[in-house]
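Let me begin by presenting the structure, written as structure tokens, before commenting on it.
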Amino acid sequence: MTLAEELAARYEKGKVNLGEETRAMYRRAISALDQSGITDRALGVGDTAPDFELPDALGEMVRLSDLLAVGPVILSFYRGQWCPFCNLELQALQRAMGDIESAGATLVAVSPNTPDITLSTVEKHALTYPVLSDHDNAVARQFNLVYEMTPENIENYRAKGRDVPEMNGTEKWELPIPATYVIDPGRVIRYSFVDTNHRVRAEPAEVVAVAAGLIDRP
């Protein structure tokens, strides 16, 4: 089953517990993001990725430039542990680790979650790749991926007991647009997948194919 099929199945399953009013709220939130032009502002193919250093689940600092010294980097921004679609993506990327390593690439996932929550994510899904904590979305902001949640979306999350600011260690109801990048050793972005619909993600096989193709680049 492809990741797209898994995500679609999860959405259909979730619809059973969501009323039309809630589904309409999500549609309005996605529409607001579309109208904001955030995908146009996000870094894309041909742009230079900013170098950064973030802590992994164990508190060890990971620097992008160090990873690029070894080969291409697949960089995945996700919203947080509480997002079921993000968890499916993280698991799909883990299943692709053999192919990623064969392509000579390094995979890194980034979210605004605190290190404690990040560690819980790593342990829960048995992830073997670096998962980094991006406090206050500092790095996601450099990639122009950060947005403020709509008031009705905030109220919906509060009603569910989903305190995004607490999980992120800030006072802000902000999230990154889920995004996947393939970055070459020169920090040039060679692949970019950014979508305002959080139920849509890059297919791991496609991402791996791009990373593998970079090995033959001059």
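Along the sequence shown, residues are numbered consecutively beginning with 1.
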Original post:
Any side-chain heavy-atom pair from Val110 and Val108 closer than 4.5 angstrom?
Top reply: yes

Original post:
Can you find a pair of side-chain heavy atoms, one from Met149 and one from Leu175, that are under 4.5 Å apart?
Top reply: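 A side-chain contact under 4.5 Å exists here.
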
Do any N or O atoms from the side chain of [X] and from the backbone of [Y] form a donor-acceptor pair under 3.5 angstrom?
X: Glu171; Y: Pro165; value: no
X: Asp134; Y: Ala140; value: yes
X: Ser102; Y: Gly98; value: yes
X: Tyr129; Y: Leu90; value: yes
X: Asp136; Y: Ala138; value: no
X: Asn113; Y: Ile117; value: no
X: Asn153; Y: Thr150; value: no

Who pairs with [X] by ring pair (Phe, Tyr, Trp, His ring centres under 6.0 Å), at least two apart in sequence or on another chain?
X: Trp82; answer: Tyr157
X: Phe85; answer: His198
X: Tyr78; answer: none

Same cluster or not: [X] versus [Y], using hydrophobic residues (I, L, V, M, F, W, Y) connected whenever any side-chain heavy atoms lie under 4.5 Å apart?
X: Phe77; Y: Leu67; result: yes
X: Ile154; Y: Ile38; result: yes
X: Leu3; Y: Met97; result: no

With no hydrogens and no angle check, just 3.5 Å: does a side-chain donor-acceptor pair link [X] and [Y]?
X: Thr2; Y: Glu6; value: no
X: Tyr26; Y: Asn156; value: yes
X: Ser120; Y: Gln81; value: yes

Original post:
Taking only residues two or more places apart in sequence, or in another chain, which ones meet Ser65 in a side chain to side chain contact (heavy atoms under 4.5 Å, CB included)?
Top reply: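 Ser65 satisfies side chain to side chain contact (heavy atoms under 4.5 Å, CB included) with Asp51, Arg63 once adjacent residues are dropped.
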
**OP:** Determine, step by step, whether Ser192 and Leu43 satisfy the side chain to side chain contact (heavy atoms under 4.5 Å, CB included) criterion, reporting the C-alpha distance in whole Å, the side-chain angles of both residues, the deciding distance to 0.1 Å, and the verdict.
**Re:** CA-CA 8 Å; Ser192 169; Leu43 294 190; over 6 Å; no

Original post:
Partners of Thr39 by side chain to side chain donor-acceptor pair (under 3.5 Å), sequence neighbours excluded?
Top reply: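 Applying side chain to side chain donor-acceptor pair (under 3.5 Å) to Thr39 gives none.
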
Original post:
Under 6.0 Å between ring centres, would you say that holds for Tyr181 and Phe193?
Top reply: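 No; Phe193 has its ring centre 6.0 Å or more from that of Tyr181.
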
Subject >> Qualifying salt bridge (charged side-chain N to carboxylate O under 4.0 Å, His left out) pairs with a residue from residues 30-43, counting only residues at least two apart or across chains >> reply: none

Subject >> Spacing of Leu33 atom CG and Ile177 atom CD1 [to the nearest 0.5 Å] >> reply: 4.5 Å

Original post:
In Å, rounded to the nearest 0.5 Å, how long is the span from CD of Glu12 to CZ of Arg199?
Top reply: 9.5 Å

Subject >> Qualifying residue, where the test is salt bridge (Lys or Arg N to Asp or Glu O under 4.0 Å) with Glu89 and the options are Arg95, Arg10, Arg201 >> reply: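 One option only clears the test, and that one is Arg201.
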
Original post:
Should Lys172 and Glu148 count as an ion pair when the cut-off is N to O under 4.0 Å?
Top reply: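 Judged by the 4.0 Å cut-off on N to carboxylate O distance, Lys172 and Glu148 do not form a salt bridge.
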
